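Residue numbers begin at 1 in each chain, while the letters A, B, ... track the order of the sequences. Note that the coordinates shown come from a computational prediction; the quantities given were computed from them, not determined experimentally.
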2 protein chains.
Amino acid sequence: MPTARRSRTSKVRASPVRGYHHGDLRQALVTAGLALIEAEGAEALSVREVARRAGVSSAAPFRHFPSRIALMTAIAEEAMRRFHREFVEALEKAPTDDPLARFRAIGIAYLRWAFRNPTHFQVLSDRTLFDFEGATELRRQDQEIRLAMEEAVKAAIAKDRLRSDDVRLLHLTGRGLVYGLARMQVDGHMPRWGVAEHEAQAMAEKALDLLAAGLAKPA
Amino acid sequence: MPTARRSRTSKVRASPVRGYHHGDLRQALVTAGLALIEAEGAEALSVREVARRAGVSSAAPFRHFPSRIALMTAIAEEAMRRFHREFVEALEKAPTDDPLARFRAIGIAYLRWAFRNPTHFQVLSDRTLFDFEGATELRRQDQEIRLAMEEAVKAAIAKDRLRSDDVRLLHLTGRGLVYGLARMQVDGHMPRWGVAEHEAQAMAEKALDLLAAGLAKPA
DNA sequence: GCGGAATGTTATCGTCGCTTACATAAAATC
DNA sequence: GATTTTATGTAAGCGACGATAACATTCCGC
C-alpha cells in the first residue's frame, strides 16, 4: 500500500553493515545512551529518551533489552570496555622494574580516566544502576584491573619496599584512596574542599604520591 | 457536625506537639522516608510510597515539600543531624594531646557511622539526590566536621609530626581514603576485594591506620 | 518466492512527580 | 462563641516513565 515512501530501497549500506530496519539498533542505543549520560548525567537516562535519540519508537529498545537495567548494563559494559582499553595501554607504558612506581602509575591511570569520564565512572561505580552479576565481560575486565594493582603490590612486598606485608590491606588502602578521590570529584565534593576544577586532578595525583611515599619502608 | 469524633480536643499535647489533621505530617514524612531508605535503599524512595507509609494521600506531602527533591533534602538534613551528633560525641572523646591520634580518631568516627548507616551515608554523599545548596543546616554541620579534621592536620603540622606541610593536600588525602573506603562499602565493592561483610569495617580502620603511620614523619 | 523469525510501530497499563479544585479542621478575629 | 481566614488534607487528572501486547514490516533460509 505505501507507494514507495522512501527511495532508499536499493541504497548501498554504510560501512557498519545496516541490518534490518534500523541497521544495528542495539549498538545505536548503547552509543546514544553513553552520549546521553555524558551530556546529562546517569540519572537523566530513560529508555524513552535513548529511543528518541536513536530515532525509534519508545518500545523498540525492548526488542533488544528486556529492561531498562539491561540497557544500562550494556552501556556500562561499553564504558568498561573503553576504560579497560585505556588502562591496559597505560599498564604497558608503566615501569616494570620499580614496583612502587608501577603501583603509582596504575593509580594515576585509574584517576585520569575517572576525571576525564566522570559520568561513565559514576555508572561503573554504582551497582544500583546496572546488573553487575549479569555483566560477565565487565566483571572479567574489572578483575583484570584489580589483579594488575595486586601484582604491583606483591612485587613491592617481594622487594621488601613496603612498611606492611599484608597484600589485601595495601591493596584496599590504595584502591580506597583512588576510588575515594575519583568519587569525591564525581560526587561534586571537591569545590567544598577548596580544590578548584582545574587543579582537582593534579591534587588527586599528589595525594596518591603522598600515600605511595608513606607506604614505602622508612628504613 | 462531627459529633466529637475524638475526645482529644482538650487533651494535653504529647511531647511532639500534634498539630492539625495528621499531627506533624512533615516530621512523619521525614521519619518514614528515612526508614524506607534504610530498609530499601535510596533509589526505592518515592513521594507516593512515603505518603503511603505515613498513611496520607499521595498529594499530601506536597503541602509540606514543593518537590520530591525538597523532601529528600529534609531527609538528608535529618540524616546529617544524626551523623553530626555522633561525630561531635566522638570528637569529645578523641585525644587532644596527640594530633595524629586525633586525626585517626576522627577518621574512625567517620568510617564507623558510614558502615553502620550505609544508606544514610549514601544519601549524604550523593548530591544528585538532594539540594545541597538549599540545605543550610546540613552545610554548616558538614563544614564543622571538615574543620575538625583540618584542625587536627594543622596541629600535627605545628608539632612537626607529618611528612608534608600542605594542609589542603593532607586533608584531601585523609578524606579521600576515608570517603573511598566508606563508598566502597556502600557501593558494594568490598566483597569483590576479598573483604567479607563482618571484617570490612575493621579492615577499613586498619587502612586508615596504615595511612596515618605513613603520613608521620620518618625521621 | 514463500514462510517464519527478527525487528519495528501503535496502543495500552500501572506508577511516578506534580497540579488543580475542592473539603475540612485549626487559628485568628471580632 | 460565631465567623472568617488560613493551614492542611483528599480526589481527580496531566504528562512521562517502564513495560507489555497486538499488529506490521523486513530479512533470511528453504
| request: Grab the CZ-P distance between A:Phe65 and D:dC17 for me, whole Å please. | output: 18 Å
| remark: The residue, B:Val47 or A:Gly55, whose nearest nucleotide of DNA chain C is more 5′ is A:Gly55
| said: If you only use heavy atoms from C-beta on, which nucleotide in D:dC17, C:dG17, C:dA11 is closest to the side chain of B:Phe62? | reply: C:dG17
| said: From the set C:dT9, C:dC16, D:dT10, return the single nucleotide nearest to any side-chain atom of B:Ala59. | reply: D:dT10
| remark: Winner on side-chain proximity to A:Ala60, out of C:dT9, C:dG17, D:dT10, is C:dT9
| message | Looking at D:dC17, I'd like to know if its phosphate oxygens (OP1 or OP2) sit under 4.0 Å from a side-chain N or O belonging to A:Arg52. | response | yes
| request: Calculate the interatomic distance between B:Arg68 atom CZ and D:dG15 atom P; express it in whole Å. | output: 22 Å
| Nearest-Å distance, CG (B:Asp24) to C1' (D:dA7)? | 13 Å
| Is the shortest distance from a Lys or Arg side-chain nitrogen in A:Glu199 or A:Lys206 to a carboxylate oxygen in the other one below 4.0 Å? | no
| query | Does the ring of B:Trp193 carry A:Arg168 above it, NZ/CZ under 6.0 angstrom from centre and within 45° of its axis? | reply | no
| field | A:Glu150 with A:Lys154: basic N within carboxylate O range, under 4.0 Å | value | yes
| message | Rounded to whole Å, how long is the line connecting atom CD of B:Glu43 with atom C1' of C:dT15? | response | 17 Å
| task | Test side-chain hydrogen bond (donor to acceptor under 3.5 Å, both in side chains) on B:Arg192 and B:His189 and set out the steps. | result | CA-CA 6 Å; B:Arg192 231 165 349 117; B:His189 293 307; 2.4 Å; yes
| message | Taking the minimum atom-to-atom distance to the side chain of B:His64, which one of D:dG18, D:dT8, D:dA21 wins? | response | D:dT8
| field | Phosphate contact (C:dT10 OP1 or OP2) by A:Ser57 side-chain N/O below 4.0 Å | value | no
| task | Round to the nearest Å and state the distance from A:Arg48 atom CZ to C:dT12 atom P. | result | 14 Å
